[in-house]
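Taking it in order: structure first as C-alpha cells, then the write-up.
We name chains A, B, ... by the order of the sequence lines, and we start the count at 1 in each one.
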Amino acid sequence: MPVLLYNTMNRCVEEFVPLDDQQVGLYSCGPTVYNYAHIGNLRTFLFEDLLKRVLQLSGFSVNHVMNITDVGHLTGDGDDGEDKLEHMAHKTNRTVWEIASYYTDAFFKDYDELNMIRPSTVCKATDHIQQMIALIKRLEEGGHTYISGGNVYFSIDSIPDYGKLARLDLESLRTAVREDVEADDNKRNSKDFVLWFTNSKHGEQAMMWPSPWGRGFPGWHIECSAMSMHYLGESFDIHCGGIDAIPVHHTNEIAQSEAATGKPWVKYWMHGEFLLDETGKMSKSKGEFLTLSLLKSKGFDPMDYRYFCLGGHYRSQLKFNFDSLSTARTARTNVYDRVQNLLKDGAKQVTLASEHALSSQRAFMEHIQNDLNTPRALADLWGVLKDDRLSSDEKYSLVLLFDQVFGLRLSSITAPEKETFPPEAEALLLKRVQAKKEKNWALADSLRSELDAMGYLVKDTPSGSSLEKKM
RNA sequence: GGUGCCAUACCCAAGUGGUAAGGGAAAGGUCUGCAAAACCUUGAUGCAUCGGUUCGAAUCCGAUUGGCACCUCCA
C-alpha cells in the first residue's frame, strides 16, 4: 500500500515516492536552544516522529537529520535588540555556550520522555560554520548576493521563482507589518535576507567567526540549507517543520539552496499546525509557559500528552487545555488497563493469520498511510480492543504493531503484579472482609472510608476484595 | 491590504460525492449489602447560515456569518 502525504509545495496529498528506492532522507527543523521547549514546539516534533514511524513501518529506512539552532543571532520575539541566547545568558549569568548546551540537554530530555525516536544525526549550527560559508561563497559566485551596510544579502530578484512554496504574491506583500519589526534600509528588495552579518544592528555578538566578508555570524536561514545538503545531499526527500516556517524560513531556504545548486532541492514539504492555548498561539512570553515539566508537575504522564496529540490530525490546529488533557489521560489509562487485562489472560505476541486480524491490520495501515490519520488509527485501536472476533493473542499482537506508530509504550505494559501494601492497610482490609462475612455493614463501610483516607481504594470483585493505590 | 486554514453531538475530534469513526462526559444495565471499580448498552434524520450543481452533498460551487494563523529570525 502506498504512503500518501500532504505536500505543502503542491497543496495536495500525493503518493510518497522517495528519490532513492528504500532510503528516505528526512530533515526536520530543530529547536532554538535559548529556553525550554513549550508543548506547542513539542507537538511539531511529535508530528515528525510520527511521520518517521509511519515510514519505517511502511518498510522505508529513514535517515533523519535534525539541526540545533545554537547560533547567537536570534532576536527575541519582541525584537528588542538583544538576541535570545545573549538575553538568557545575561539574565542567568552564564555564557551563551552554556545556555545552548543546557537547553539542548533539556530538549532531549523532553524528547526521550515523549518516546520520540532520536534522529540519525543531530547537528549543531555552530559546528557547521564552514559549510555555511562555503554555500554563501557559491551563491556569491553565482551572482545571487550583494554586500550592503556591511552584511551579505541574498537577492531574491536573482531567481525566477522566489516564494513558490508560500505562493507569495510579491507585488502585494507588505513589509514590516508587525509593529515589532523594523524595515532594513540596506536591502535592495525588502524581501531580500541576510546570509552573513558583520554589522548587525544589534552590535557585537558573543559568537563570531572569521569569514571572507569579515568577522561575523551567519543569517538564520543558511544553517538549514548548508547542513541538510551536507548530510543528505543536494536533493533529498522530505523537509518538515512548523507551519510558521512556510512564508519566510522555508521560502528563503529554498531560494538559497536551489540558487546554489541549480537543482530541485526538496521533494516533499510537510508542516505541522499549531497548538493553541486559551489565548491563541502558544508563546513563551505571554500567559502560562506550558512545558512538559509543568504538565508532569500537575500529575500528567508524558504519554498523556502524546495521546492528546494523536487525537488530532497534524494539519489541524489543536486547542490545548487541561480538561482536554485529562480526557486524553483517562482514555490512555483505559487503553493500558485493557492491554493489562489481555496480559492477565495470558495473551502473547503471535504471527497474525486469521483473515479478520489481517483485515484489522490493513485498515490501520491504510489510515496511517493516508497522511498520518492518527485520530482514525486510534479508533482502530479501540475497535481491536473491543472486537469479540479477535483472540487475546491477536488483539495483543495488533496492539504492539499499532504502537510502533503511536509510540505510547504499550509494549512495556506488563501483567499486573501483586502490589504490596503496608501491613496496616492489609490488616484493615482483612478486618473488612471479616466484617462483610458477618454482615456488619457499618463496620465494613467505616473500614472502607478509613482505607480511603489512607489513600487506598477498595475493590470488591466476585473473586474477593483488593486494594488499589489512589492516583 | 495580502496569504492560508477552520466551523461536525455536552466537550475533544475523524470523515472531502453513496447516507455521520473514535475518545471523554452522561444515562441505562450486569455485578454488589450499598458503593466504587470492572464490563456491556445507548447517543447527531444531522455536519455555522442561505442558495446552487447532482439520482444522491458534511463533502463540490457561490454568497453570508463567526473563528484562527502567517506576512523579516515563532513549532
Side-chain angles (χ1 to χ4, degrees), chain A residues 8 11 13 28-32 37-48 69 71 73-77 79 83-84 163 166-178 180-184 187 190-194 219-221 240-249 251-252 271-276 280-285 307-308 310-313 315-321 323-332 334-335 337-338 341 367 373-383 386 436 439-441 444-445 448-449 452 457-462 466 468:
Chain A
T8 306
R11 305 289 156 93
V13 175
S28 57
C29 283
T32 54
H38 61 55
I39 57 176
N41 301 129
L42 294 173
R43 182 191 183 198
T44 300
F45 294 106
L46 283 167
F47 139 63
E48 290 155 355
T69 300
V71 172
H73 64 246
L74 291 169
T75 51
D77 285 345
D79 199 15
D83 85 49
K84 289 174 178 172
R167 309 204 166 174
L168 299 180
D169 176 6
L170 296 178
E171 297 304 313
S172 60
L173 267 179
R174 288 187 184 181
T175 302
V177 172
R178 279 165 41 185
D180 54 358
V181 172
E182 283 173 37
D184 181 343
K187 293 178 181 179
S190 63
K191 295 296 289 180
D192 290 346
F193 54 93
V194 176
W220 177 41
H221 314 294
C240 43
I243 194 166
D244 58 300
I246 296 170
V248 178
H249 184 47
T251 287
N252 290 347
H271 296 92
E273 251 292 359
F274 274 142
L275 181 76
L276 308 176
K281 191 193 71 175
M282 198 151 289
S283 153
K284 293 176 187 177
S285 47
Y307 190 99
F308 171 77
L310 290 170
H313 191 257
R315 279 196 287 124
S316 296
Q317 291 176 346
L318 187 60
K319 274 169 282 181
F320 177 84
N321 59 59
D323 275 351
S324 298
L325 186 62
S326 295
T327 293
R329 169 169 60 189
T330 304
R332 184 188 69 84
N334 286 343
V335 169
D337 287 347
R338 281 171 185 267
N341 287 340
H367 291 137
N373 191 340
T374 51
R376 191 50 241 222
L378 278 180
D380 291 331
L381 174 67
W382 281 98
K386 291 182 170 181
K436 277 185 62 167
K439 296 195 189 295
N440 186 350
W441 308 129
D445 287 352
R448 181 167 62 200
S449 34
D452 186 78
L457 212 64
V458 178
K459 286 175 152 186
D460 292 332
T461 67
S466 63
E468 188 176 278

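- A/Arg315 comes within contact range of no nucleotide atom at all, as no heavy-atom separation falls under 4.0 Å.
- Going from atom CZ of A/Arg332 over to atom CG of A/Asp337 covers 10.0 Å, rounded to the nearest 0.5 Å.
- Separation of the C1' atoms belonging to B/U59 and B/G18 is 11 Å when rounded to the nearest angstrom.
- When heavy atoms are screened at a 4.0 angstrom cut-off, A/Leu381 is found touching no nucleic acid atom at all.
- Here, B/G56 and B/U42 have their C1' atoms 30 Å apart, quoted to the whole Å.
- Rounded to the nearest Å, the gap between the C1' atom of B/C12 and that of B/A44 is 15 Å.
- For A/Arg448 and B/A35, a side-chain-to-base donor-acceptor distance below 3.5 Å is present, hydrogens and geometry of angles not being considered.
- Taken together, the paired segments of RNA chain B that extend over three or more consecutive Watson-Crick or G-U pairs, each closer than 3.5 Å at both contacts, are B:1-7 with B:65-71, B:10-12 with B:22-24, B:26-30 with B:38-42, B:48-52 with B:60-64.
- Comparing the P positions of B/A75 and B/G52 gives a spacing of 48 Å, expressed to the nearest Å.
- Spacing between atom CZ of A/Phe308 and atom P of B/G23 amounts to 18 Å, rounded to whole angstrom units.
- Nucleotides B/A58 and B/A21 have their P atoms positioned 13 Å apart, rounded to a whole Å.
- Backbone-only engagement by A/His313 is indicated by non-hydrogen atom pairs under 4.0 Å involving sugar-phosphate atoms exclusively.
- Taking each heavy atom of A/Cys240 and A/Glu48 in turn, the nearest pair found is SG-CG, 3.5 Å.
- To the nearest 0.5 Å, atom CG of residue A/Leu325 and atom CZ of residue A/Arg329 are 7.0 Å apart.
- Whole-Å rounding puts the A/Ile246 CD1 to B/C68 C1' distance at 15 Å.
- The minimum heavy-atom distance linking A/Phe193 with A/His221 is given by the pair CD1-CD2, 3.6 Å.
- At a threshold of 4.0 angstrom between heavy atoms, the contacts of A/Lys459 include nucleobase atoms, whether or not backbone atoms are also involved.
- Considering every non-hydrogen atom in both A/Lys191 and A/Leu168, the closest pair reads CE-CD1, 4.3 Å.
- You'll find a donor-acceptor pair under 3.5 Å spanning the side chain of A/Asp445 and the base of B/G33, going by distance alone.
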Would you list the protein and nucleotides 39-41 of chain B atom pairs, both N or O, that sit under 3.5 Å from each other?
{"residue": "B/C40", "atom": "OP2", "partner": "A/Arg338", "partner atom": "NH2", "Å": "3.2"}

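- When the P atom is compared between B/G15 and B/C6, the two are found 10 Å apart, to the nearest whole Å.
- Rounded to whole Å, the distance from CZ on A/Arg376 to P on B/G22 is 8 Å.
- Using a 4.0 Å cut-off between charged nitrogen and carboxylate oxygen, A/Arg448 and A/Asp452 do not count as a salt-bridge pair.
- With RNA chain B read from its 5' end, the first of the two nearest nucleotides for A/Thr44 and A/Thr327 is the one closest to A/Thr327.
- Nearest nucleotide to the A/Pro247 side chain, out of B/A75, B/G23, B/C71: B/C71.
- For the C1' atoms, the distance linking B/U49 with B/A57 amounts to 16 Å, nearest Å.
- Atom P of B/A13 sits at a distance of 9 Å from the matching atom of B/U8, rounded to the whole Å.
- Spacing between atom OH of A/Tyr307 and atom P of B/A13 amounts to 14 Å, rounded to whole angstrom units.
- Taking the side chain of A/His38 as heavy atoms from C-beta on, and the options B/A75, B/G22, B/C68, the nearest nucleotide is B/A75.
- Using a distance-only test at 3.5 Å, with no hydrogens or angles considered, a donor-acceptor pair links the side chain of A/Thr251 to the main chain of A/Ile246.
- For the pair A/His367 and A/Ala377, the tightest heavy-atom approach, listed with the atom from each and the gap, is CB-N, 4.5 Å.
- Residue-level contact check: A/Gly241 touches the backbone only, with heavy atoms under 4.0 Å from sugar-phosphate atoms and none from bases.
- Between A/Ser324 and A/Phe308, the shortest heavy-atom distance links the atoms CB-CE1, 3.5 Å.
- In this structure, A/Ile243 atom CD1 and B/C6 atom C1' are separated by 11 Å, rounded to whole Å.
- Atom NE2 in A/His271 sits roughly 13 Å away from atom P in B/A75 (whole-Å rounding).
- The two atoms that bring A/Leu310 and A/Thr374 nearest to each other are O-OG1, 2.8 Å, heavy atoms only.
- Computed from coordinates, the A/Arg332 CZ to B/G22 P distance equals 22 Å when rounded to whole Å.
- With RNA chain B read from its 5' end, the first of the two nearest nucleotides for A/Lys436 and A/Gly311 is the one closest to A/Gly311.
- Among the nucleotides B/C71, B/G22, B/A25, the one closest to the side chain of A/Trp382 is B/G22.
- We find that CD of A/Glu273 is positioned 9 Å from C1' of B/C6, with the value rounded to whole Å.
- In this structure, of B/C12, B/A14, B/A36, it is B/A36 that holds the atom nearest to the side chain of A/Leu457.
- Taking 4.0 angstrom as the limit, A/Ser316 places none of its side-chain polar atoms (N or O) nearer than this to OP1 or OP2 of B/C5.
- The side-chain hydrogen bond (donor to acceptor under 3.5 Å, both in side chains) test with A/His271 singles out one residue from A/Asp244, A/Thr8, A/Thr44, and that residue is A/Thr8.
- Between A/Glu273 and A/Arg43, the closest side-chain pair of non-hydrogen atoms falls below 4.5 Å.
- The nucleotide whose nearest atom lies closest to any side-chain atom of A/Val248 is, among B/A14, B/C71, B/G33, B/C71.
- Nucleic acid contact class of A/Asp192 (heavy atoms, under 4.0 Å, all strands): base.
- B/G46 takes the syn form, because its glycosidic angle lies no more than 90° either side of 0.
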